[in-house]
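Written out below as structure tokens is the structure these notes cover.
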Protein chains: 2
Amino acid sequence: MKVNVNGEQQDYRTVWMEGSEVCMIDQPKLPHRFEIYRSKDYRETTDAIKNMIVRGAPAIGATAAYGMVQAALEFSGNDMEEFSNLIHEAAATLTSARPTAYDLFHAVDEIESKLRKAKSVSEALELARKAAKEYADKSAERCKKIGEAGEKFIKENSRILTHCNAGALACVDYGTALSPIRLAKYNGKEPFVFVDETRPRCQGSRLTSWELIQEEIDHSIIVDNAAGHFMQKGEIDIVIVGADRIAKNGDIANKIGTYEKAVLAKENGIPFYVAAPESTFDRRCATGADIAIEERGEDEVLSMFGIDENGNPVSIKISPGNSKARNPAFDVTPAKYITGIITENGILTYSHD
Amino acid sequence: MKVNVNGEQQDYRTVWMEGSEVCMIDQPKLPHRFEIYRSKDYRETTDAIKNMIVRGAPAIGATAAYGMVQAALEFSGNDMEEFSNLIHEAAATLTSARPTAYDLFHAVDEIESKLRKAKSVSEALELARKAAKEYADKSAERCKKIGEAGEKFIKENSRILTHCNAGALACVDYGTALSPIRLAKYNGKEPFVFVDETRPRCQGSRLTSWELIQEEIDHSIIVDNAAGHFMQKGEIDIVIVGADRIAKNGDIANKIGTYEKAVLAKENGIPFYVAAPESTFDRRCATGADIAIEERGEDEVLSMFGIDENGNPVSIKISPGNSKARNPAFDVTPAKYITGIITENGILTYSHD
């Protein structure tokens, strides 16, 4: 992704490795400050995942893979059994950071299994470095392919609605829903994006708008309430969102509010696309009804987090002291509202009965 | 409406008069502090309307009517022409407070025309007091009748979704959308309310939840993104909202997001009611397409207003410094999504072709 650093566009990934340091874009500081967080060892990398310095399943996976390299680098002896024990401990520590993130387990597992094939510590280290880099590269490559597959749905000056942040910041690079938009921009199509702010955590207004500013893609932030109005007025040509999980029948789970936008898109005859790598498909879920919806704490709804006039982080209360809230983090959009699912291997469609 | 003052439920209106003072619930201080704002003269009352100490068309109308009484009280002479001039000046001042509020003009006009019939200053004063009180009483009575007409749609333990604040705080008493819910509570039906927070100004989480807490009506605040999810899950039985304007064909304009909820209600087979006095009907608008939609400043979307941990008012930035926003304040819900319009004279339905 491009990042504007002191007036100059530079290429960045969300996470990478320099020497023994895992470097990542410090996401809680966005959109107000662009800083690189540098983690010195796998424990610090675990904390960075836990504290959401990095978020988004693919980005977390790559970060953990690099964390495994840090663990291997820590070892100074030659005993492969001792080495294995250390690696196993690091794997357990890293996977404890976000216990429900599937990519985290997958990445750590992949690196650990490669290390097991090594005959010496130095060979293991070499293998780990290579495997972690490959993991990140493949992740970025998949997102790029999603972009290439989806870009054809974006016409010259298309006006696109997106929800939440399915951007490069959630992945290693390119993003999922934002990847076709990025590539459309690179190809000179000058897309315009309506950015749902995406309450309660405002990943749209905080992160998606930040990414679009870096790429100089024209856009407006809107409150989630306004998406329907702009669809009705004919100001939105296409909707592209990400997905957290996809069931066998094509139902998808994504950030709360996705279902609302999908119903409104159908009602207004607007194509609604989901962009996600094939790893998002959960073959154990027959339909969306099998996907459990996490309800998070009330505070995200009752308060709002941001920065004050002096640039300091602050939380403000926007409801009575003793009120209650419900806070489902995701919702399920049935396949019948989805025009197609854009994957790294092309477009999937489902029969809509 | 009931207000819990030091643990005791007391009856309040949004605005009333005590001696020469116009008293009103200080709404910008809600939901964090319940305070009565006391205006000493019609100029201060004008400022109170301008600064939105009181908001909502019917409440503004009654406040201005009382402001006219304050103007009459200021006069010390006996000359009816001088008196008329003062009254006319006060009318011009009061109606300048919120130039687009129809009720404001209507109320001031009504009082001024009554004053013109008086033969002496003392008679005029008497007439003004009576007319202002009547204006407020009739306004409250209309809302009560809306409640009585709408309450029959609420069953025992009904779960109701509402949007924005169409409550007593926007009227003199009872409210429009909240009036049927209040009466259902008084009749022992124990309704449960899902309160859309209603970004960008959060009238749902700030005002509606405050009113419901006062009346001890069980409820949860939700982000606007979550309404569709709860409808899909079968957790919402009925939707009741207010209206800012109603066209001849039954299309309505209301707070941004209303259209989204209406489409979702229809999709999920949930009855969608609009509660509004007949004064909301604008016979000059044939359809919703004739209703102009105000776009407000970007800052309401790019920032959030609330109070910090020490109870001080604060505004926080929730988007990049140089991002843009669009902020339509209202949207139009076509009649085909509306089950019925609840007025003080009964239920109106429109054919849905």
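In what follows, every chain begins at residue 1, and chains take the letters A, B, ... in the order their sequences are listed.
Nearest heavy-atom pair, A:Ile316 versus B:Phe305, reported as atom, atom and distance to 0.1 Å: CD1-C, 3.5 Å.
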- [ ] List the steps and the verdict of side chain to side chain contact (heavy atoms under 4.5 Å, CB included) for A:Arg326 and B:Glu235.
- [x] CA-CA 12 Å; A:Arg326 287 192 64 186; B:Glu235 294 193 39; 2.7 Å; yes
Task: Worked check of side chain to side chain contact (heavy atoms under 4.5 Å, CB included) between B:Lys324 and A:Asp218 - done: CA-CA 9 Å; B:Lys324 291 181 295 180; A:Asp218 199 11; 2.8 Å; yes
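Counting heavy-atom pairs closer than 4.5 Å to chain A, the top residue among B:Pro320, B:Gly228, B:Ala226 is B:Pro320. Ranked by heavy-atom pairs under 4.5 Å with chain A, the first of B:Thr258, B:Ile318, B:Asn322 is B:Ile318. Ranked by non-hydrogen atom pairs under 4.5 Å with chain B, the options A:Ser303, A:Pro200, A:Cys202 are led by A:Pro200. Contact count against chain A (heavy-atom pairs under 4.5 Å) is highest for B:Ile256 among B:Val263, B:Ile256, B:Thr333.
Annotation: the span from A:Ser315 atom OG to B:Met304 atom CE amounts to 10.5 Å, rounded to 0.5 Å. With rounding to the nearest 0.5 angstrom, the CG atom of B:Asn225 is 10.5 Å from the CG atom of A:Asn327.
Residues from residues 158-170 of chain B that place a non-hydrogen atom less than 4.5 Å from a non-hydrogen atom of chain A comprise B:His163, given in numerical order. Identified by a heavy-atom distance below 4.5 Å to chain B, the contributing residues of residues 208-217 of chain A are A:Ser209, A:Trp210, A:Ile213, in residue-number order.
With salt bridges taken as basic N to acidic carboxylate O contacts below 4.0 Å, none links B:Lys233 and A:Asp331.
Using a 4.5 Å cut-off between heavy atoms, A:Ile293 contacts chain B through its side chain alone, with no backbone atom that close. With a 4.5 Å cut-off on non-hydrogen atoms, B:Asp224 touches chain A through its backbone and its side chain both. Looking at B:Lys261, the atoms closer than 4.5 Å to chain A (heavy atoms on both sides) all sit in the side chain, from C-beta outward. With a 4.5 angstrom heavy-atom cutoff, B:Leu302 touches chain A only via side-chain atoms. Interface remark: B:His32 contributes side-chain atoms only to the contact with chain A (heavy atom separation under 4.5 Å). Heavy-atom distances place both the backbone and the side chain of B:Glu260 under 4.5 Å from chain A. Interface residue A:Phe330: only backbone heavy atoms are found under 4.5 Å from chain B. Neither the backbone nor the side chain of B:Gln203 comes within contact range of chain A; no heavy atoms are under 4.5 Å apart.
Of the N and O atoms on the side chains of B:Tyr337 and A:Glu267, at least one donor lies less than 3.5 Å from an acceptor on the other residue.
Without hydrogens or angle criteria, A:Gln232 side chain to B:Val332 main chain gives a donor-acceptor distance under 3.5 Å. A:Glu197 places no side-chain N or O within donor-acceptor distance of the main-chain N or O of B:Ser319, the cut-off being under 3.5 Å.
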